[in-house]
Amino acid sequence: MDYGIPRAVPEEVGMSAARLERIAPAMQRWVDNGKIPCALTMIAREGKLVHLEKVGMQDVASEKPIDFDTIFRIYSMTKPITSVAVMMLYEEGHFQLNTPVSQFIPAFKDMKVYANHGDAIIDAEREVTVKHLLTHTSGIIYGGDWVHPINDRYREATFFTDDLSHMVNELGKIPLLHHPGDSWNYGMSTDVLGYLVEVVSGMPFAEFLHTRIFEPLGMVDTDFSVPEEKADRYATLYEPTEDGGIQVMENIPVASGPLSFFHAGGAGLQSTAADYLRFCQMMLNEGELNGNRLLGRKTVELMTMSHIPDDWQPLWRTGSGFGLGFAVVTDVAETHTLGSLGTYSWGGLASTTFWIDPVEDLIAIMMTQLIGDSPFHPQFRVLTYQSIID
């Protein structure tokens, strides 16, 4: 199949074939121990694909093996794609990063903020800007199980429908967790950006992604839904069981049907490893792939630098800041693993992950379908970097 970039012998780009062979057995052990259903691992260096392996089952019950064209729910790996869409419109002069979102989405005018641990509601000190949404510093969250009235409001709301304007209007009614720009909190900011793309571009969000990103990059299997003719390639989603195994997940988050998701800019896409490699290679190429330029070099540079203080990051991601749609390594030692300064990355709810390392000219992608902890991610990172021999 076509991966959008040529293949190469690992040694041609400074990697060891023998060392790369350590990856598949390590992933196979996770499968054999019943911890994950499958794993597809992919590594590219210097614009060449040097590692592609698959282990396990796309569907365990039917014993259908995973394949290189298996389609996965990528969940939050949608966010970098949405962020690129936003920055394409930014490059066209439609707004600045400090432009208030309310100029395009009136529901975000005169926002309120929870104060004193939720005991009071006050006026926001400043407006939510495009940059606040891109950096997850808007005060918009996902909601959680900790005691706070904001979580009750998020549980009561009906965010995900086929109408993105409904989602933003619902969010506009809920006070923010903190004043915009005062803290980093992961949440639905990128979903709001999906609607922003729709308003600014004048076309449906899904159509913008198709015409401006997927088609130019050759991402033929990336969409908010999986067509019937590709249904046999769609991986089953699993979750952990109490006894340490896995089971099929019945109530799939953000799904609007068995083969489709809501058009959520933060979590709605399904894709293949090959398609996502094209996207990553475009970013590593500073905005261009195979003669199709989506972004300028300076825009990619701005997106992939950290825009927040390091101490705003949660404890589970030390040594990283956050850019315009990506986590960014700011202190390799504090990440407690191998890597490089400036490496940018993100992952998805179903344990998919990717990272792009401009220093080593390297891309790594791992796909599986398990909602739960992902201890295999740091293992895959170590196994990738230990293969570099130049």
Side-chain angles (χ1 to χ4, degrees), residues 1-31 36 38-56 66-70 72 77 80 217-218 271-290 300 304 319-320 326-329 331-333 335-347 351-368 374-390:
M1 59 185 293
D2 179 18
Y3 298 100
I5 65 173
R7 301 198 69 165
V9 174
E11 281 73 13
E12 293 176 6
V13 294
M15 300 192 79
S16 164
R19 283 176 166 263
L20 286 168
E21 288 175 1
R22 297 172 177 175
I23 297 174
M27 296 301 110
Q28 185 68 57
R29 285 194 292 273
W30 290 101
V31 172
I36 61 174
C38 59
L40 192 159
T41 50
M42 174 181 276
I43 300 168
R45 196 174 192 214
E46 297 179 11
K48 306 287 181 61
L49 182 62
V50 296
H51 167 85
L52 182 63
E53 292 285 353
K54 56 184 175 67
V55 298
I66 184 178
D67 210 338
F68 294 127
D69 65 352
T70 292
F72 301 89
M77 281 168 57
L217 295 183
S271 188
T272 61
D275 272 14
Y276 214 85
L277 177 63
R278 289 178 169 88
F279 175 77
C280 291
Q281 192 65 55
M282 177 276 295
M283 290 297 298
L284 187 54
N285 291 351
E286 300 177 327
E288 178 273 336
L289 181 70
N290 297 332
V300 173
T304 57
S320 293
F326 305 84
V328 183
V329 173
D331 186 330
V332 177
T335 66
H336 309 299
T337 189
L338 305 179
S340 305
L341 281 176
T343 294
Y344 52 102
S345 64
W346 206 239
S351 300
T352 59
T353 191
F354 78 96
W355 75 88
I356 301 170
D357 183 337
V359 174
E360 296 292 347
D361 200 356
L362 181 142
I363 297 164
I365 297 170
M366 179 180 177
M367 298 289 201
T368 186
S374 309
F376 35 86
H377 285 174
Q379 183 185 48
F380 175 49
R381 185 173 290 249
V382 172
L383 288 165
T384 298
Y385 279 108
Q386 61 87 34
S387 301
I388 296 174
I389 56 174
D390 63 2

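- Here the closest heavy-atom approach between residue Gly56 and residue Val31 is recorded as CA-CG1, 3.9 Å.
- At least one side-chain heavy atom of Phe68 sits under 4.5 Å from a side-chain heavy atom of Leu52.
- The backbone N or O of Ile66 lies less than 3.5 Å from no partner atom in the side chain of Thr70, so there is not a single donor-acceptor pair.
- Between atom CZ of residue Arg7 and atom CD of residue Glu12 there is a gap of 12.0 Å, rounded to the nearest 0.5 Å.
- Glu286 meets the side-chain contact (heavy atoms from CB on, under 4.5 Å) test with Arg297; sequence neighbours excluded.
- At distances below 3.5 Å, not a single donor-acceptor pair connects side-chain atoms of Tyr276 with backbone N or O atoms of Thr353.
- Taking each heavy atom of Ile365 and Ala273 in turn, the nearest pair found is CD1-O, 3.9 Å.
- Across all non-hydrogen atoms, the minimal contact from Ala8 to Lys48 is CB-CB, 3.5 Å.
- Within the model, atoms SG of Cys38 and CG of Leu40 stand 8.0 Å from one another, a figure rounded to the nearest 0.5 Å.
- Using a 4.5 Å cut-off on side-chain heavy atoms (C-beta onward), Met77 and Met367 make contact.
- Counting heavy atoms from C-beta on, the side chains of Lys54 and Asp67 come closer than 4.5 Å.
- Taking the ring centroids of Trp346 and Phe326, they lie at or beyond the 6.0 Å cut-off.
- Panel note: side chain Arg45, backbone Asp361; no donor-acceptor pair is recorded below 3.5 Å.
- Side chain of Asp2 to backbone of Gly4: a donor-acceptor contact under 3.5 angstrom is found.
- Atoms CD1 and OG, on Ile356 and Ser340 in that order, are 13.0 Å from each other to the nearest 0.5 Å.
- Judged purely by atom type and a 3.5 angstrom limit, Asp331 uses its side chain to pair as donor or acceptor with the backbone of Ala333.
- Taking 4.5 Å as the limit, some side-chain heavy atom of Tyr344 sits within range of a side-chain heavy atom of Met283.
- Between Phe72 and Thr272 the shortest side-chain heavy-atom distance does not fall below 4.5 Å.
- Residues Pro378 and Ser374 come closest through the heavy atom pair CD-O, 3.5 Å.
- You'll find the side chain of Met27 reaches within 4.5 Å of the side chain of Met366, heavy atoms only.
- Side-chain contact check for Leu284 versus Gln281: some heavy-atom pair is nearer than 4.5 Å.
- A donor-acceptor contact shorter than 3.5 Å is absent between the side chain of Glu53 and the backbone of Val55.
- Remark: Ser271 OG to Phe279 CZ distance equals 10.0 Å, nearest 0.5 Å.
- Panel note: side chain Thr384, backbone Phe380; a donor-acceptor pair is recorded below 3.5 Å.
- Separating the CG atom in Leu362 from the SG atom in Cys280 is a distance of 10.5 Å, to the nearest 0.5 Å.
- A donor-acceptor pair is defined here as one N or O able to donate and one able to accept, closer than 3.5 Å; no such pair exists between the side chain of Thr368 and the backbone of Ala39.
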- Going through the distances and angles, do Ile363 and Ile43 end up as a side-chain contact (heavy atoms from CB on, under 4.5 Å)? CA-CA 6 Å; Ile363 297 164; Ile43 300 168; over 6 Å; no

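- In this structure, Glu11 and Ser16 approach most closely via the heavy-atom pair OE2-CA, 3.5 Å.
- The line from CZ of Arg278 to OH of Tyr3 is 9.5 Å long, rounded to the nearest 0.5 Å.
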- Task: Could you check Ile388 against Asp390 for side-chain contact (heavy atoms from CB on, under 4.5 Å), going step by step and ending with a plain yes or no?
- Result: CA-CA 6 Å; Ile388 296 174; Asp390 63 2; 3.4 Å; yes

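- Formation of a donor-acceptor pair under 3.5 Å by the Gln386 side chain with backbone atoms of Leu383 is found in this model.
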- Message: Please determine whether side-chain contact (heavy atoms from CB on, under 4.5 Å) holds for the pair Val300 and Glu288, giving the CA-CA distance in whole Å, both sets of side-chain angles, and the decisive distance to 0.1 Å.
- Response: CA-CA 10 Å; Val300 173; Glu288 178 273 336; over 6 Å; no

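- When side chains are defined from C-beta on, His51 counts as touching Thr41, because their heavy atoms get closer than 4.5 Å.
- Nearest heavy atom pair, residue Leu277 against residue Ala44, reads CD1-CB, 4.0 Å.
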